[in-house]
Amino acid sequence: MKILVCIKQVPQKDVPLKLNEAGTWIREDVSYEVNEPDAYALEEALRQKEKHGGEVVVVTAGPARAQQVLREALAKGADRAIHLEDDKFAHLDSVNTARAIAAAIAGESFDLIVTGLQSDDFGAAQTGVLLAEILGLPHATIIIGIEKTDSGLRLKRELEAGHYQWIEMPSPAVLTIQSGINKLRYASLIGIKQAKNKPLRKVAWAEVEPKLGKNLQQIERLYVPVKQKKTEMVEGPPAEVARKVVEYLKNSARVL
Amino acid sequence: MADTILVVAEQREGKLNRASFETIAAAQSIAKETGWQVEVVLPGSSIAALAQELAQKAVARVYALEGASLAAYTSDAYVFALKQFIHEKQPKLVLFPHTYQVRDFAPRLALALDRALISDSVGYKHENGKLLLTRQMFQGKFAADVSFAGDAPWLATFQIGAFRGEQAEAGSASVKNVAAAETTPRVVPHEVFQEAKQAVDLSQAEVIVAVGRGIKEQKNLALAEELAKVLGGEVAASRPICDNGWLPLERQIGSSGQTVAPKLYIALGISGAIQHIVGMKGSRTIVAINKDPEAPIFEIADVGVVGNLFDVVPALTEEIKKARAGA
Ligand SMILES: Cc1cc2nc3c(=O)[nH]c(=O)nc-3n(C[C@@H](O)[C@H](O)[C@H](O)COP(=O)(O)OP(=O)(O)OC[C@H]3O[C@@H](n4cnc5c(N)ncnc54)[C@H](O)[C@@H]3O)c2cc1C
Ligand SMILES: Cc1cc2nc3c(=O)[nH]c(=O)nc-3n(C[C@H](O)[C@H](O)[C@H](O)COP(=O)(O)OP(=O)(O)OC[C@H]3O[C@@H](n4cnc5c(N)ncnc54)[C@H](O)[C@@H]3O)c2cc1C
């Protein structure tokens with residue numbers, strides 16, 4: 001199987017974020033990491049390759065810093081990488097992000113394309129599905145199990161509230177992967193060394209720009225959400241905090 | 001004719017998804033401010049009774065979009081039928097509940113119509129004649145007002161719980177049957193099922209101590225177990241904990257896990273992502289312990305403790321033991 005994995009670089013989960021001056025995005029002087037479900041998508045691709053043979057290609061669209069997520073993927077076992085490298089890629093909506101990726105892989109034919117089910121920053125949960133529409137391929141979302149069959153794929157979809165469904169579809173196809181589908185591996189030292197010599201193709205903005213359209217949605221402003229509930233905040237040394245919480249539970253909430 | 005807001009309602013196996021009524025409530029609210037009218041479309045097969053149920057709401061009309069290919073959900077058949085329908089009706093705004101099913105087809109439908117989809121909105125604003133959709137960003141740490149930059153129809157989805165279904169105004173609308181445009185789907189769907197029967201029923205627990213990724217390591221779960229024990233409660237978790245296999249899936253709280261409403265819910269090292277919150281926001285008292293004062297969990301907590309759970313939890317367990325002994 002020849003598999004493409006779409007990986008987005010997002011701000012690290014635990015870092016404090018600040019608004020930029022225009023109030024349209026965050027200040028970018030933070031540390032970044034691989035979008036969590038994308039790590040699971042990569043792991044699944046590597047496992048499928050180990051089972052069925054083939055090639056795993058990873059792609060990201062983003063500034064120079066995003067190369068890090070490709071390096072990590074190569075170290076874990078991906079065969080080669082494609083970097084759509086330009087600050088401008090970060091300003092595209094999901095449709096144009098999908099168009100850019102589609103343009104960058106024109107001429108290649110993948111048996112399977114996997115993405116994360118949504119990003120931890122913007123979180124549109126659209127890019128993978130849109131990529132399928134652009135490429136004219138069938139797709140399925142929120143996948144937590146993949147089996148290759150003679151005619152295509154047998155897939156386990158997660159549904160709401162602990163429900164699941166098996167579906168079948170022909171390949172090539174695009175799947176969006178849910179966290180928890182597998183157990184992630186770590187990169188080995190050898191892997192990290194080998195990654196340095198694996199091919200990484202850069203795609204410039206100008207190469208894909210003719211395929212892009214206007215963003216059909218716009219962020220007017222970004223802000224800290226207004227609190228809806230009155231929360232009693234307690235701070236201080238642990239013993240004192242514990243006393244205050246217990247007092248609340250006894251006297252106000254009456255649950256003790 | 002007035003501009004129309006079209007609500008795409010959802011059903012599965014003869015039952016309406018209740019989130020459809022939330023979206024109708026959202027549409028009615030937007031209609032009041034804009035003067036637009038609300039219509040509803042329900043795709044499916046043999047759905048007359050369900051369409052009648054929707055018609056008990058204050059909307060201008062309900063369309064039953066009927067087709068054999070829509071009997072069991074597939075993205076292919078839904079996109080094909082709805083694309084045709086929306087193309088003919090040319091509504092101003094098309095609204096969906098942000099369900100798993102909608103996530104699966106709505107982006108593709110929007111692109112097939114060459115239009116934008118603003119997904120997972122939690123509210124809206126109508127400012128100087130411009131419609132803005134509010135959505136959570138960065139896992140709930142920020143909110144953004146997003147506008148449509150292209151032509152209508154505009155498509156948007158509303159997060160589950162963003163509006164209240166029981167607030168959808170009652171009325172009586174006519175139902176119109178429409179034959180759906182049909183295609184042969186590439187996807188073959190099988191039965192929807194649940195995994196083997198659950199051993200614990202968290203929905204009956206009066207006290208739940210839930211742990212999130214802030215617990216760091218599996219062995220630290222003991223802290224939560226202690227606390228749950230002195231409270232006579234059950235231990236539960238956010239998704240990453242169950243993904244790691246540290247606790248069984250049946251103890252996961254949230255949109256893809258259990259929905260609970262205990263008297264007391266204590267969240268340890270849980271950030272408060274919406275998919276977690278929908279599973280526990282009905283709890284009577286919520287205590288959150290988190291080292292990040294900006295964590296979204298504090299927005300729904302009754303008591304918020306900003307601090308290191310490894311210091312606070314043992315102290316709290318001790319204090320509760322004392323209170324119990326004294327009582
Ligand atoms: C109007 C507007 C303005 C924006 N401005 C900024 C900005 O100033 N700075 C900024 O950083 N972002 C900005 N964004 C965010 C933008 O870059 C989104 O990330 C992009 O639209 C992709 O959508 P998403 O993140 O919601 O991905 P989703 O659709 O939620 O992602 C699903 C999956 O698609 C894949 N994927 C998504 N994006 C990429 C990518 N770039 N490379 C490889 N795979 C990917 C991943 O596998 C991911 O898990 C803006 C978005 C909009 C709509
Ligand atoms: C379709 C879909 C379905 C999903 N279903 C579910 C679901 O059913 N249930 C669910 O929970 N999630 C679900 N999720 C995932 C959800 O979006 C979040 O990723 C998840 O809830 C985050 O879990 P967390 O809060 O434990 O981890 P994080 O978001 O990583 O938060 C960890 C928190 O711990 C705090 N912390 C760290 N160290 C300490 C310390 N020493 N003391 C105190 N605090 C500390 C941090 O400040 C942080 O706030 C779903 C997502 C999707 C897309």
Side-chain angles (χ1 to χ4, degrees), chain A residues 11 16-17 26 94-95 120-126 129-130 132-133 138-142 158-170 179-180 214-225 227-229 231-235 238-239 241-243 245-246 248-250 253 255-256, chain B residues 75-76 99-100 103-104 107-108 111-112 115-120 132 137-139 141-150 186-195 239 242-243 255-257 259 263-264 285 287 294 298-307 311-312 315-316 318-320 323:
Chain A
L17 303 174
I26 55 154
S94 315
V95 177
D120 285 342
D121 53 4
F122 192 88
Q126 296 194 29
V129 181
L130 294 166
E133 175 68 13
H139 82 274
T141 52
I142 320 194
E158 176 183 299
L159 299 174
E160 278 105 343
H163 288 77
Y164 302 92
Q165 182 181 33
W166 286 98
I167 60 174
E168 280 169 87
M169 62 170 59
S179 296
K214 189 171 156 268
N215 273 353
L216 295 181
Q217 53 187 290
Q218 208 169 324
I219 300 176
E220 301 277 338
R221 57 182 99 91
L222 197 70
Y223 50 91
V224 177
K227 266 201 172 55
Q228 313 215 323
K229 191 163 169 179
T231 306
E232 193 162 316
M233 298 300 282
V234 287
E235 269 175 271
V241 164
R243 249 192 325 274
V245 172
V246 168
Y248 182 95
L249 294 180
K250 259 162 89 177
V255 288
L256 273 187
Chain B
S75 53
D76 287 337
T99 61
Y100 274 50
R103 294 171 62 118
D104 195 60
R108 200 158 184 160
L111 184 53
R115 291 296 183 270
L117 171 70
I118 298 179
S119 44
D120 209 5
L132 303 177
M137 304 258 291
F138 297 93
Q139 300 258 300
K141 289 182 191 127
F142 294 100
D145 292 338
V146 184
S147 63
F148 292 99
R186 293 167 288 189
V187 180
V188 180
H190 297 288
E191 295 291 288
V192 171
F193 65 97
Q194 272 182 297
E195 301 286 14
R239 179 165 186 131
C242 299
D243 281 350
S255 59
S256 52
T259 299
K263 283 190 185 149
L264 174 61
T285 300
V287 177
E294 311 281 335
F298 289 133
E299 274 161 48
I300 58 140
D302 298 284
V303 182
V305 178
V306 180
D311 299 331
V312 177
L316 185 58
E318 274 317 302
E319 195 62 30
I320 291 168

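If you're wondering where the values come from, they're calculated on a predicted model, not measured in any experiment. Convention: sequence-line order gives letters A, B, ...; per-chain numbering from 1.
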So which part of [X] gets closer than 4.5 Å to some heavy atom of chain A, the side chain, the backbone, both or neither?
X	answer
B/Thr259	neither
B/Gln139	both
B/Arg239	side chain

Between [X] and [Y], which heavy-atom pair has the shortest distance, and what is it?
X	Y	value
B/Pro107	A/Ala125	CG-O, 4.1 Å
B/Ala144	A/Ile219	CB-CG2, 4.3 Å
A/Asn215	B/Ala149	O-CB, 3.6 Å
B/Ile118	A/Gln217	CG1-OE1, 3.5 Å

More than 12 heavy atoms from other groups under 6.0 Å of CD on B/Glu294: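 Check fails, neighbour count at 12 or below.
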Residues B/Phe148, A/Leu216; criterion side chain to side chain contact (heavy atoms under 4.5 Å, CB included); working and verdict: CA-CA 6 Å; B/Phe148 292 99; A/Leu216 295 181; over 6 Å; no
Below 4.5 Å from any heavy atom of chain B, which atoms of [X] appear? Answer side chain, backbone, both or neither.
X	value
A/Ala239	backbone
A/Pro16	neither
A/Asp121	both
A/Leu17	both
A/Tyr248	side chain
A/Val95	side chain

Side-chain heavy-atom pair [X], [Y] within 4.5 angstrom cut-off:
X	Y	result
B/Glu319	A/Val245	no
B/Val303	A/Thr231	no
A/Arg221	B/Leu132	yes
B/Val187	A/Glu168	no
B/Val305	A/Glu235	no
A/Asp120	B/Phe138	no
B/Ser75	A/His139	yes

May I ask you to check whether [X] and [Y] show a side-chain donor-acceptor distance below 3.5 Å?
X	Y	value
B/Ser147	A/Gln218	no
B/Glu195	A/Tyr164	no
B/Asp104	A/Thr141	yes

Just give me the residue among [options] that pairs up with chain A most often, heavy atom to heavy atom, under 4.5 Å.
options	result
B/Ala315, B/Ala116, B/Gly150, B/Ala143	B/Ala143
B/Val312, B/Asp302, B/Ile300, B/Ile320	B/Asp302
B/Thr99, B/Leu117, B/Leu264, B/Asp120	B/Leu117
B/Arg186, B/Arg108, B/Glu191, B/Glu318	B/Arg108
B/Val306, B/Thr285, B/Asp311	B/Val306

With no hydrogens and no angle check, is any side-chain donor or acceptor of B/Lys141 less than 3.5 Å from a backbone partner on A/Val224?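 No; zero donor-acceptor contacts below 3.5 Å.
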Top of [options] for chain B proximity - count of heavy-atom pairs under 4.5 angstrom:
options	answer
A/Gly123, A/Ala132, A/Ala140	A/Ala132
A/Val255, A/Val246, A/Val234	A/Val234
A/Glu232, A/Glu133, A/Arg243	A/Glu133
A/Lys250, A/Glu158, A/Met169	A/Glu158
A/Leu256, A/Leu222, A/Val241, A/Leu249	A/Leu222

I'd like to know if A/Glu160 and B/Arg103 make a salt bridge, using a cut-off of under 4.0 Å between side-chain N and carboxylate O. no
Does the pair A/Ile26 and B/Phe142 meet the rule for a side chain to side chain contact (heavy atoms under 4.5 Å, CB included), with working shown? CA-CA 9 Å; A/Ile26 55 154; B/Phe142 294 100; 3.7 Å; yes
Decide side chain to side chain contact (heavy atoms under 4.5 Å, CB included) for A/Ile167 and B/Val188; before the verdict, give the C-alpha distance in whole Å, the side-chain angles of both, and the deciding distance to 0.1 Å. CA-CA 5 Å; A/Ile167 60 174; B/Val188 180; over 6 Å; no
Distance in Å, A/Met233 CE paired with B/Phe298 CZ, rounded so as to fall on 0.5 Å steps: 4.5 Å
